Asker: 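Structure below; questions to follow.
All values reported here derive from a predicted model rather than from experimental measurement. Ligands are counted one by one from 1 in listed order, and the atoms in each one are counted from 1 as well. Just so you know, these numbers use all the heavy atoms, side chains as well, and skip hydrogens, waters and symmetry mates.
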Amino acid sequence: METHQHRTDALVVGSGYAGSIAALRLAEAGVATIVLERGRRWQVGADGDTFATQHRPDGRASWLSPKSPLTDQTLDIYPGVLESLEGEGLTMIAAAGVGGASLLSNGTMVEPSPELFRRAFGDFLDQREMHDVWYPQARELIGCSPIPKDVLDSDFYRSSRDFMDQLERAGIPYDLVDLAVDWGVIREEMAGRRTASHIAGLNVFGVNSGAQRSMDVTVLARAEATGHVEVRPLSVVTGIRPQGDGHLVSYDELDERGTLVARHEVHTAHLVLAAGTLGTTRLLLRAKAAGHLPGLDASVGTRVGNSEVITARTGMAPNNPAQGGPCSVIVKDWQDNPHAPVTLLNFPWVDAPSDEGWITTIGASPTEPLGSFRYDADKDDVVLNWPVEDPRAVRATDAVRHTLDRLNAATPGSKTAFNRIGTTGGNVVGGVPLGLATAADGSVHGARNLYVVDSSLLHGSSGAVPPALTISAVAARVASLLVASIAGA
Ligand SMILES: Cc1cc2nc3c(=O)[nH]c(=O)nc-3n(C[C@H](O)[C@H](O)[C@H](O)COP(=O)(O)OP(=O)(O)OC[C@H]3O[C@@H](n4cnc5c(N)ncnc54)[C@H](O)[C@@H]3O)c2cc1C
């Protein structure tokens, strides 16, 4: 098969939160930029059938695999929205598609407290600067807001209101969480004029109503509108190697069924990796193993963390647990928990038994970066290791249990059905730790004109809160530094 050759000033791999922000900042500086994204572009159609759902899963739910940890069904092979990587102790799920995980996330956007931020980043990032400059910029770029009163007061959000009542009685602090959704479209879902998606808890394979403020329709669309950015979907980057002062990037072009149709090589003066924790670490460790980036720091592949604790409580009055998504209430048990600070977010559970009330939460507590990726030559891929039984990983459940026990004590009849460290994780971060594997501006040690901007820069944690806002804030900061350095070059 012939290999097509191209050139560009800047190339971004991946189009999730970080890649979209980097592309926008490069475009605003007038730098000609190609964005290579392995997944397809998903344009929400009026038929409400753009994405698979948990009720009717098919190949659209899974990246080129008949299996997904999120369904028992065997799927057709298709370039769907989620890759799953079965690791040691943890199956990681990673998005594929223009917009990355913003297509299907719960959309919760949370800044950690100063103390939790400092626990996660130590001296590698300045908390004040992040709080004053980069978190506000990330919020503005993404566009997020808490659930409006009329939506919260509707029948669809009864479980959120019950949860708030329980928290009041238990004296546990909570807030309404900022969400990257379009509330106008959610009102349309409620009125039956759009497909019930978020209100029915159906987001993990994509949101068919169009209520998701995903990066493809917000930040990346702004970047494309400048005329300086070209997004190439269904373009799987397979290798990177230095050439001159820049890099040669190899990628496979797929068709809509995932079949290889062409091979390409692009020479880029500046290479920006935004393929997410799994994608970026995979590309760097593969390039190192092939001898193309021998000078990479030994920390590449390390400081990986999984912050999820999944819980469910039952024994309360029926409250439509499958409805009323995405998460709308955030519990900030950050001061009074004797074990460790705990964050909980209620989230929908489409398969919850319907005979009694359930409240499902996704929780987090400060995590240590105990996980790692290593390169396996036989697989030509990375293997993720997460020491699921390490007491330092398990102790998060003690802290969460304490919060749940207080809620149960304040809610007669309620009890905890389960409280466990997530073994299927979408919030895994780390692998290319900022300040160790890279300089403060994201430039990779041991390489020239190679930058990382995404979730792999985090040191295994975003401070006991979901990571997307922190990833976006870090990406905004790193992108502005790299654009300044490109402009000055
Ligand atoms: C189901 C789910 C729900 C979540 N909900 C929340 C939430 O509510 N709040 C929150 O804060 N966080 C949430 N997260 C986590 C959050 O979405 C991720 O941490 C975040 O998206 C990471 O951003 P990123 O830009 O680093 O990578 P991603 O958003 O994962 O984007 C990486 C992109 O790179 C592409 N890519 C990878 N490899 C290649 C390659 N070789 N060639 C070309 N392209 C490539 C991928 O296809 C993908 O589009 C959720 C995650 C999942 C999976």
Asker: Heavy atoms only: which of S214, G97, P466 lies closest to atom 10 (C) of ligand 1?
Answerer: P466
Asker: Taking both backbone and side-chain atoms of I471, is any N or O found less than 3.5 Å from an N or O belonging to ligand 1?
Answerer: no
Asker: Tell me the nearest of G100, G19, A274 to atom 32 (C) of ligand 1, using heavy-atom distances.
Answerer: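 The nearest heavy atom belongs to A274.
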Asker: Within the side chain of N106, is there an N or O that forms a donor-acceptor pair under 3.5 Å with the backbone of T108?
Answerer: no
Asker: Quick one: which ligand 1 atoms are inside 4.0 Å of a heavy atom on A18?
Answerer: 25 (O)
Asker: Between the side chains of D380 and Y375, does any donor sit under 3.5 Å from an acceptor?
Answerer: yes
Asker: Report the nearest protein non-hydrogen atom to atom 31 (O) of ligand 1: residue, atom name, distance rounded to 0.1 Å.
Answerer: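 Checked against all protein heavy atoms, atom 31 (O) of ligand 1 sits closest to G16 CA, 3.5 Å.
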Asker: In terms of atom number and element, which parts of ligand 1 are under 4.0 angstrom from non-hydrogen atoms of L36?
Answerer: 43 (C), 44 (N)
Asker: Going by distance only, is there an N or O of Y17 that falls short of 3.5 Å from an N or O of ligand 1?
Answerer: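 Yes, since at least one N or O of Y17 sits under 3.5 Å from an N or O of ligand 1.
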Asker: Evaluate the criterion salt bridge (charged side-chain N to carboxylate O under 4.0 Å, His left out) for residue pair K332 and D175; output intermediate values, then yes/no.
Answerer: CA-CA 8 Å; K332 297 177 175 174; D175 266 326; 3.0 Å; yes
Asker: Provide the closest heavy-atom pair for A95 versus R38 in the form atom of the first, atom of the second, distance.
Answerer: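 Closest approach of A95 to R38: O-NH2, 2.8 Å.
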Asker: What protein heavy atom lies closest to atom 17 (O) of ligand 1? Include the residue and the distance to one decimal.
Answerer: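 Going atom by atom, the protein heavy atom closest to atom 17 (O) of ligand 1 ends up being A101 CB, 3.3 Å.
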Asker: With heavy-atom distances below 4.0 Å as the criterion, list the atoms of ligand 1 near A468.
Answerer: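 Numbered from 1, ligand 1 contributes 10 (C), 11 (O), 12 (N).
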Asker: Starting from atom 44 (N) of ligand 1, locate the nearest protein heavy atom and write down its residue, its atom name and how far away it is, to 0.1 Å.
Answerer: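 Going atom by atom, the protein heavy atom closest to atom 44 (N) of ligand 1 ends up being R38 N, 3.1 Å.
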Asker: Between S84 and S68, do the side chains contain an N or O donor and an N or O acceptor separated by less than 3.5 Å?
Answerer: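 There is no such pair (donor and acceptor under 3.5 Å, judged by atom type) between the side chains of S84 and S68.
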Asker: So, the side chain of T226 versus the backbone of A223: is there a donor-acceptor pair under 3.5 Å, distance only?
Answerer: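 The answer is yes, because a donor-acceptor pair under 3.5 Å joins these two groups.
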Asker: Any idea which part of V13 is under 4.0 Å from ligand 1, heavy-atom wise: side chain, backbone, both or neither?
Answerer: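 Side chain only; the backbone of V13 stays clear of ligand 1.
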Asker: Check E189 against S197 and note the closest heavy-atom contact, atom names and distance.
Answerer: OE1-N, 2.8 Å
Asker: Which residue and atom name correspond to the protein heavy atom nearest atom 27 (O) of ligand 1, and how close is it?
Answerer: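 Here the closest protein heavy atom is G276 CA, 3.6 Å.
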Asker: Can you figure out which of G14, A22, A275 has its heavy atom closest to atom 37 (C) of ligand 1?
Answerer: A275
Asker: Whether the T343 and W334 side chains hold a donor-acceptor pair (N or O, under 3.5 Å, no angle test) is what I'd like checked.
Answerer: yes
Asker: What do we get for V237 next to ligand 1 when only non-hydrogen atoms under 4.0 Å count, side chain, backbone, both or neither?
Answerer: both
Asker: Look at the aromatic rings of Y451 and H270 and report parallel, tilted or perpendicular, splitting at 30° and 60°.
Answerer: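 Plane angle between 30° and 60°, so tilted.
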Asker: Are D76 and R257 within salt-bridge range, i.e. N to O under 4.0 Å?
Answerer: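 Yes, this pair counts.
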Asker: Before accepting this row, confirm whether a basic side-chain N of the pair R139/E111 lies closer than 4.0 Å to the acidic partner's carboxylate O.
Answerer: yes
Asker: Taking both backbone and side-chain atoms of G107, is any N or O found less than 3.5 Å from an N or O belonging to ligand 1?
Answerer: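 N/O-N/O distance below 3.5 Å exists for this pair.
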Asker: Return the closest protein heavy atom for atom 46 (C) of ligand 1 as residue, atom name and distance.
Answerer: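 The protein heavy atom lying closest is A95 O, 3.3 Å.
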Asker: Which of the atoms of ligand 1 are close to V204, meaning less than 4.0 Å from one of its heavy atoms?
Answerer: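 Here the atoms of ligand 1 in question are 1 (C).
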Asker: Is the shortest side-chain N to carboxylate O distance from R118 to E115 below 4.0 Å?
Answerer: no
Asker: So which of E37, M109, R40 gets nearest to atom 35 (C) of ligand 1, if we judge by its closest heavy atom?
Answerer: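 Ranked by closest heavy atom to atom 35 (C) of ligand 1, first place is E37.
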Asker: If you measure from each non-hydrogen atom of T108 to ligand 1, which part falls under 4.0 Å: side chain, backbone, both or neither?
Answerer: both
Asker: Can you check whether S102 has an N/O within less than 3.5 Å of an N/O in ligand 1?
Answerer: no
Asker: Measure the distance from atom 53 (C) of ligand 1 to every protein heavy atom, then report the residue, atom name and distance (to 0.1 Å) of the closest one.
Answerer: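 Answer, as residue, atom name and distance: G426 CA, 3.8 Å.
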Asker: Check whether the side chains of S15 and D216 place a donor and an acceptor atom closer than 3.5 Å, and report yes or no.
Answerer: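 D216 and S15 do not have a side-chain donor-acceptor pair below 3.5 Å.
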Asker: In terms of residue, atom name and distance, what is the protein heavy atom nearest to atom 50 (C) of ligand 1?
Answerer: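 Closest protein heavy atom to atom 50 (C) of ligand 1: N427 OD1, 3.5 Å.
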Asker: Between ligand 1 and S235, can you find any atom pair, the residue atom being a heavy atom, that is separated by under 4.0 Å?
Answerer: yes
Asker: Do T195 and N208 have a side chain donor and acceptor closer than 3.5 Å?
Answerer: no
Asker: Provide, to 0.1 Å, the distance between atom 6 (C) of ligand 1 and the closest protein heavy atom, together with that atom's residue and name.
Answerer: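 Of every protein heavy atom, S105 CB, 3.6 Å lies nearest to atom 6 (C) of ligand 1.
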